[in-house]
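One structure is given here, and the rest of the page talks about it.
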Amino acid sequence: MTAAGVAGTMRGRRPVRAGPAAYGRELRVRAWLIRHGQSESNAGLPTNGPGTAPLTALGRQQAGRVAESFTEEPALIVSSSFVRARQTAEPTRRRFPGRPYEEWPVQEFTYLGGLHGPATTAEQRRPHAAAYWERSDPHYVHGGDGESFADLMGRVDDLLGRMADRPTGLVAVFTHGLFMRAVVWSLLTGGHEKPDTDRMRDYQRFNRRFATPNGCIVELRWTGDGPLVLGSVTHHPPHLVSGVG
């Protein structure tokens, strides 16, 4: 399924679905989680490490469309340190030159470690990825230099904590598909539970069904009851849509 129409709130440790009344609650702060535009890795080209892949020409067009989608100035622009996310944020930063910019640990989940480079393609990494998810050990670190699933969920908690501490306004977060899905999944299922094999497999099932195309936006809203997932919006015409699978 796509992200459109998916909604949920979390009070403490227990998430509940958002009914119509949820949209009328007092709003404190919002976040737009924005997936980067199409990268060379997304296009099937080899890359030298998880953070080095630049945007393609299509990805740059998608980044421009994202910048045009803002109807208000963001209070803060955030990006991961990865090249493709920083490049996607550039048109938005040019449109709002007076807005502060920060880099947060919202980079992609790089669970294969060194297998993300040098000069490997997503297709070449596919069997290793399948073996990783089949194992579903939340504390396993592939090859000694990957990131564990537990580490990923720690970064999700870090993002949610930073947002909960924000006073007001819209925060534009330029990030990545697996990380975005981990945030949404955490909110909808009760992310404070300790990661285990069952929850890791549950995330993977969710990951296969929750589409985050390149340049899509998932909006989160913080009210007095906690974060609310509003869903996903893609501001691209059909010829600019990529990375749905």
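Position 1 is the first residue of the sequence; numbering continues from there.
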>> For Trp185 and Asp202: C-alpha separation, side-chain torsions, deciding distance, then whether side-chain hydrogen bond (donor to acceptor under 3.5 Å, both in side chains) applies.
In response: CA-CA 9 Å; Trp185 172 79; Asp202 184 66; 2.7 Å; yes

>> Please evaluate residues Leu160 and Leu187 with respect to the criterion side chain to side chain contact (heavy atoms under 4.5 Å, CB included), reporting the C-alpha separation (whole Å), side-chain torsions for both, the decisive distance (0.1 Å), and the verdict.
In response: CA-CA 9 Å; Leu160 296 176; Leu187 292 175; 3.9 Å; yes

>> I'd like to know whether Leu220 forms a side chain to side chain contact (heavy atoms under 4.5 Å, CB included) with Val183, so could you lay out the CA-CA distance, the side-chain angles of the two residues, the decisive distance to 0.1 Å, and finally the verdict.
In response: CA-CA 10 Å; Leu220 308 180; Val183 172; 3.9 Å; yes

>> Quick one, His176 with Ser80, criterion side-chain hydrogen bond (donor to acceptor under 3.5 Å, both in side chains). Give me CA distance, side-chain angles, the key distance, then yes/no.
In response: CA-CA 8 Å; His176 305 260; Ser80 86; 2.8 Å; yes

>> I'd like to know whether Ser41 forms a side chain to side chain contact (heavy atoms under 4.5 Å, CB included) with Arg125, so could you lay out the CA-CA distance, the side-chain angles of the two residues, the decisive distance to 0.1 Å, and finally the verdict.
In response: CA-CA 11 Å; Ser41 177; Arg125 295 189 296 269; 3.5 Å; yes

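The residues Glu219 and Arg221 are annotated as salt-bridged, a charged nitrogen and a carboxylate oxygen being separated by less than 4.0 angstrom. Ion pair Arg155/Asp151 not flagged as a salt bridge, since none of the NZ, NE, NH1 or NH2 atoms sits closer than 4.0 Å to an Asp/Glu carboxylate oxygen. Salt-bridge formation is not detected for the pair Glu90/Arg93: no Lys NZ or Arg NE/NH1/NH2 atom is positioned less than 4.0 Å from an Asp or Glu carboxylate oxygen.
Note on ring orientation: taking the six-membered ring where Trp is involved, the planes of Phe96 and Phe70 are perpendicular (angle over 60°, cut-offs 30° and 60°). Classified by interplanar angle (parallel below 30°, tilted 30° to 60°, perpendicular above 60°), the ring pair Tyr140/Tyr132 is tilted.
Residues Phe179 and Val78 fall within the same hydrophobic cluster, defined by Ile, Leu, Val, Met, Phe, Trp and Tyr side chains chained together at heavy-atom separations under 4.5 Å. Neither Leu55 nor Val173 shares a network with the other; the hydrophobic side chains, linked directly or stepwise wherever heavy atoms of I, L, V, M, F, W or Y lie under 4.5 Å apart, form separate groups for each. No path of Ile, Leu, Val, Met, Phe, Trp and Tyr side chains, each step under 4.5 Å between heavy atoms, connects Trp32 with Phe82, placing them in separate hydrophobic clusters.
A heavy-atom distance below 4.5 Å is found between the side chains of Asp158 and Pro105. In this structure, Arg199 and Thr189 have side chains that are in contact, with non-hydrogen atoms separated by less than 4.5 Å. Residues Ile77 and Phe174 are in side-chain contact: their nearest non-hydrogen atoms beyond the backbone lie under 4.5 Å apart. You'll find the side chain of Val29 stays beyond 4.5 Å of the side chain of Pro167, heavy atoms only. Within the 4.5 Å cutoff, side-chain heavy atoms of Met153 are placed close to those of Ser186.
In terms of modelled atom types and a separation under 3.5 Å, the side chain of Gln62 and the main chain of Gln38 share a donor-acceptor contact. Formation of a donor-acceptor pair under 3.5 Å by the Arg95 side chain with backbone atoms of Ala67 is found in this model. Checked by atom type and distance alone, the side chain of Asn42 pairs as donor or acceptor with a backbone atom of Ser39 at under 3.5 Å. Formation of a donor-acceptor pair under 3.5 Å by the Arg35 side chain with backbone atoms of Thr212 is found in this model. Within the 3.5 Å criterion, the main-chain N or O of Ala89 finds no donor-acceptor partner in the side chain of Ser79. For the pair Thr197 (side chain) and Ser136 (backbone), a donor-acceptor distance under 3.5 Å is present.
Atom OG1 of Thr168 and atom CZ of Arg166 lie 8.0 Å apart (nearest 0.5 Å). Considering CZ of Arg181 and CG of Leu152, their distance stands at 12.0 Å, rounded to 0.5 Å. Atoms CG and CD, from Leu76 and Glu102 in turn, are 4.5 Å apart once rounded to the nearest 0.5 Å. Put simply, SG on Cys216 and CG on Leu33 are 9.0 Å apart, with the number rounded to the nearest 0.5 Å. Separation of atoms CG (Asn207) and CG (Leu178) is listed at 5.0 Å; rounding is to 0.5 Å. Here the CG atom belonging to Asn214 is positioned 14.5 Å from the CZ atom belonging to Arg65, to the nearest 0.5 angstrom.
With sequence neighbours left out, Val83 forms a side chain to side chain contact (heavy atoms under 4.5 Å, CB included) with Pro54, Arg86, Gln87.
Taking the ring axis of Trp133 as reference, the NZ or CZ atom of Arg201 does not stay both within 45° of it and closer than 6.0 Å to the ring centre.
Counting non-hydrogen atoms of neighbouring residues, nucleotides and ligands closer than 6.0 angstrom, the CD atom of Glu72 exceeds 12 such neighbours.
Residue Gly51 comes nearest to Arg84 through the heavy atom pair CA-NH1, 4.3 Å, listed as atom of the first residue, atom of the second, then distance.
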